Amino acid sequence: MTVTPAVEEEVVVAAKPKKGFTFPGDETNLGIIAGVIATIIVLIPGLPAVIKAVGMIFAFLWGMDSVRKTSKYGLGTGVPSIGVLATGYGIIGALVGAACAHVVGSIGPVAPGVLGGVVLMAIVGYLSGVFSNHEKIIGMKIPKLERGMMELGMAGTIGILLEFSIVAGSLDFGLVVEKAISSGLVAIMFILGGMSMFHPYNACLGPDERRERTMMVSVEISGLLSVILGIALLVMGSPWGIGDGISLIIFGALVWLVFYRRFIQACMKECYATVGTGLIKTLG
Amino acid sequence: MEPITALLVVVICVILGGEFASIGVHLIPVGGAPAAMGTATGIATGTIQLMLGAAVVGLFTASSVATFTNSILLVSLSGAVGAMMMMGVVMLMANIIYAFGAGVVPVSGRVAVDPITRESQTEYKTPQTDGHGVPNVSYISGMVGALIGGAGGALMYFALLNYANFPAGVAGIAAISIFVANAIIAAYNIGGTIEGFHDPKFKRIHKAIFSSFFVSLFCGVLVWLTANLGGLL
């Protein structure tokens, strides 16, 4: 008797995200799609900031999915730790990538040197995964932690590179250091980039956690990050003029609004009951 | 400095800084979620939040001192002082909240007698819990951990600033990034919570030191590569 309603409920939940935009269902598929799109965008540093922000959203979405994949088994130190690890690796990888781009130069609009940082960080990420998971060393016994940490290193590097590229307007090492790092913006990039990877799963984890719903939070935070980077771009100046910053702010605000609404609607529909102040309900 | 000499010096300093970070994490009393309910000894947050906070405060003091001195010892010690200040205040405030807010006394759950002050612990511990607050031994252990960790972070900062010729901002963010990578690997080794050097989990420290050596080695080489390819050397 109890079986029938449970099945019905599952069918409803599975059918719901079909309307409109959906995320790829498989972790590997999402990794490949998001990784390829973000890599293509990061390779061309001359693009307008809005397109780079799209790449950044994909990169952090990939990172968030890897955080979810590894944290599911219980890290013991809390979910944020692995997200901060990804951002830390991302900063080192982005610095190496920008320095490689400085040496390799660009072929037309493409700067292939940045891939050096991504590849090197993938190696370091994989090795730290091996150290953490090997039973004779730390022995965390988490399935596929090696792959997860490798993906986190890569996603973090691409995400941070795109943030640098949005603010500096190019991936030239000197410009990145001057505009993105020495200006102090790197602190915001560090923590908000980390937030869009670790916060979604940290906030949504639990027995009823659903991957699509968690992903909406990641896109939402990336939208907020875009707004902040847009304001920074207005102050710092961009080769595309003032429109670049304004369009990034509008894009970020729209992304935030759409995914925030979607997230609240999903939460309201999927929960048994809500008790609130009314503030969130009016927005949903 | 020649690029090869710089490689050696930067890698050695980064490895030392990483190892210090790793040892520091094993000494600070981290309670995690159980401590938030007052049912475990330590500060009620994760390792990474504590260590990152201590390292950032340490970097503030270290970078201030680095503006007027070239002494590596002085800069490292100033980083250690900053980290110790942060850790000391956090542990004191945690104890005030536990004692006057939650009404539990700071007591260790792992040992029956405090190894430093020889005070008895067991009779003050609430049954079914794993200790409360930050007892004397954990406090001292935490201060030593912050000293070692803060000195490690500042050492890395100094090496990146002066031997890899990074601008101050890049040196700071790169030092924090390498520091957190090592601190997190160490945090995985202790499984999230530890009371200090008297905790049985402290005996696993060699595993973290081994992993930390290689992670810092690779990070050191990458940082040198950045300085070399970026035209800073």
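Keep in mind it's a predicted model, so treat the numbers as computed, not measured. Throughout, protein chains are lettered first and strands after them, A, B, ... in sequence-line order, and every chain is numbered starting at 1.
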*Asks:* Please look at Met149(A) and chain B and tell me whether the side chain, the backbone, both or neither of the residue comes under 4.5 angstrom of a heavy atom of that chain.
*Replies:* side chain

*Asks:* Once rounded to the nearest 0.5 Å, what's the spacing between atom CD1 of Ile123(A) and atom CZ of Phe218(B)?
*Replies:* 8.5 Å

*Asks:* How are the rings of Phe131(A) and Phe214(B) set to each other: parallel, tilted or perpendicular (split at 30° and 60°)?
*Replies:*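 Ring orientation of Phe131(A) relative to Phe214(B): parallel.
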
*Asks:* Given a strict heavy-atom distance threshold of 4.5 Å, which part of Val170(B) is in contact with chain A: side chain, backbone, both, or neither?
*Replies:* both

*Asks:* For residues Ile82(A) and Tyr188(B), determine if any side-chain heavy atom of one lies less than 4.5 Å from a side-chain heavy atom of the other.
*Replies:*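 Heavy-atom side-chain distance check passes, below 4.5 Å.
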
*Asks:* I'd like to verify something: which residue of Gly32(B), Ala208(B), Gly169(B), Ser177(B) has the highest number of heavy-atom pairs under 4.5 Å with chain A?
*Replies:* Ser177(B)

*Asks:* Identify which part of Leu229(B) has an atom lying under 4.5 Å from any heavy atom of chain A, answering side chain, backbone, both or neither.
*Replies:* both

*Asks:* For Lys136(A) and Lys207(B), which heavy atoms make the closest approach, and how far apart are they?
*Replies:*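 Between these two residues, the closest heavy atoms are O-CE, 4.1 Å.
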
*Asks:* Among Ser128(A), Ala187(A), Ser81(A), who wins on heavy-atom pairs under 4.5 Å with chain B?
*Replies:* Ser81(A)

*Asks:* Among Leu95(A), Asp172(A), Val186(A), Val124(A), which residue has the highest count of heavy-atom pairs closer than 4.5 Å to chain B?
*Replies:*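 Among the listed options, the one with the most contacts to chain B is Leu95(A).
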
*Asks:* So which atom in Ala99(A) and which in Gly230(B) form the shortest heavy-atom distance, rounded to 0.1 Å?
*Replies:*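 Distance-wise, the nearest heavy atoms are CB-N, 3.8 Å.
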
*Asks:* Heavy-atom count check: over 12 atoms from other residues, nucleotides or ligands less than 6.0 Å from Tyr126(A) OH?
*Replies:* no

*Asks:* Tell me, yes or no, whether the heavy-atom count around Phe202(B) atom CZ, taken from other residues, nucleotides or ligands under 6.0 Å, exceeds 12.
*Replies:*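 Correct, the count exceeds 12.
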
*Asks:* For Gly88(A) and Val180(B), work out which heavy atoms get closest and say how close.
*Replies:*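 Shortest heavy-atom separation between Gly88(A) and Val180(B) comes out as CA-CG2, 4.3 Å.
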
*Asks:* Can you tell which part of Val96(A) gets under 4.5 Å to a heavy atom of chain B, answering side chain, backbone, both or neither?
*Replies:* both

*Asks:* Grab the two heavy atoms, one from Thr77(A) and one from Ala187(B), that are nearest each other, plus how far apart they are.
*Replies:* CG2-O, 3.4 Å

*Asks:* Pick from Leu232(B), Asn189(B), Thr193(B), Asn228(B): which one has the most heavy-atom pairs with chain A under 4.5 Å?
*Replies:*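 Counting heavy-atom pairs under 4.5 Å, the top option is Asn189(B).
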
*Asks:* State, to 0.1 Å, how close Leu222(B) and Met121(A) come at their nearest heavy-atom pair, and which atoms those are.
*Replies:* CD1-SD, 3.8 Å

*Asks:* Report, as yes or no, whether the 6.0 Å neighbourhood of atom NZ on Lys144(A) holds more than 12 heavy atoms from other residues, nucleotides or ligands.
*Replies:* no

*Asks:* How about Leu120(A) and Leu225(B): do any of their side-chain heavy atoms sit closer than 4.5 Å?
*Replies:*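 When only atoms from C-beta onward are counted, Leu225(B) and Leu120(A) do touch, with a gap below 4.5 Å.
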
*Asks:* With respect to chain A, which residue among Ile190(B), Leu52(B), Ile185(B) yields the maximal number of heavy-atom pairs within a distance under 4.5 Å?
*Replies:*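 Most heavy-atom pairs under 4.5 Å with chain A: Ile185(B).
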
*Asks:* Can you give me the closest heavy-atom contact between Ile92(A) and Ala174(B), atom names plus distance?
*Replies:*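 Result for this residue pair: CD1-O, 3.9 Å.
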
*Asks:* Counting C-beta onward and ignoring hydrogens, is there a side-chain heavy-atom pair between Ile181(A) and Pro167(B) closer than 4.5 Å?
*Replies:*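 No. Closest side-chain heavy atoms not under 4.5 Å.
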
*Asks:* Does any heavy atom of chain B fall under 4.5 Å from the side chain of Ile137(A), the backbone, both, or neither of them?
*Replies:*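 Backbone plus side chain of Ile137(A), per the 4.5 Å heavy-atom cut-off to chain B.
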
*Asks:* Between Ser132(A) and chain B, which part of the residue has a heavy atom less than 4.5 Å away: side chain, backbone, both or neither?
*Replies:*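 Interface part for Ser132(A): side chain.
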
*Asks:* Output the option from Val30(B), Ile184(B), Ile48(B) having the highest count of non-hydrogen pairs under 4.5 Å with chain A.
*Replies:* Ile184(B)

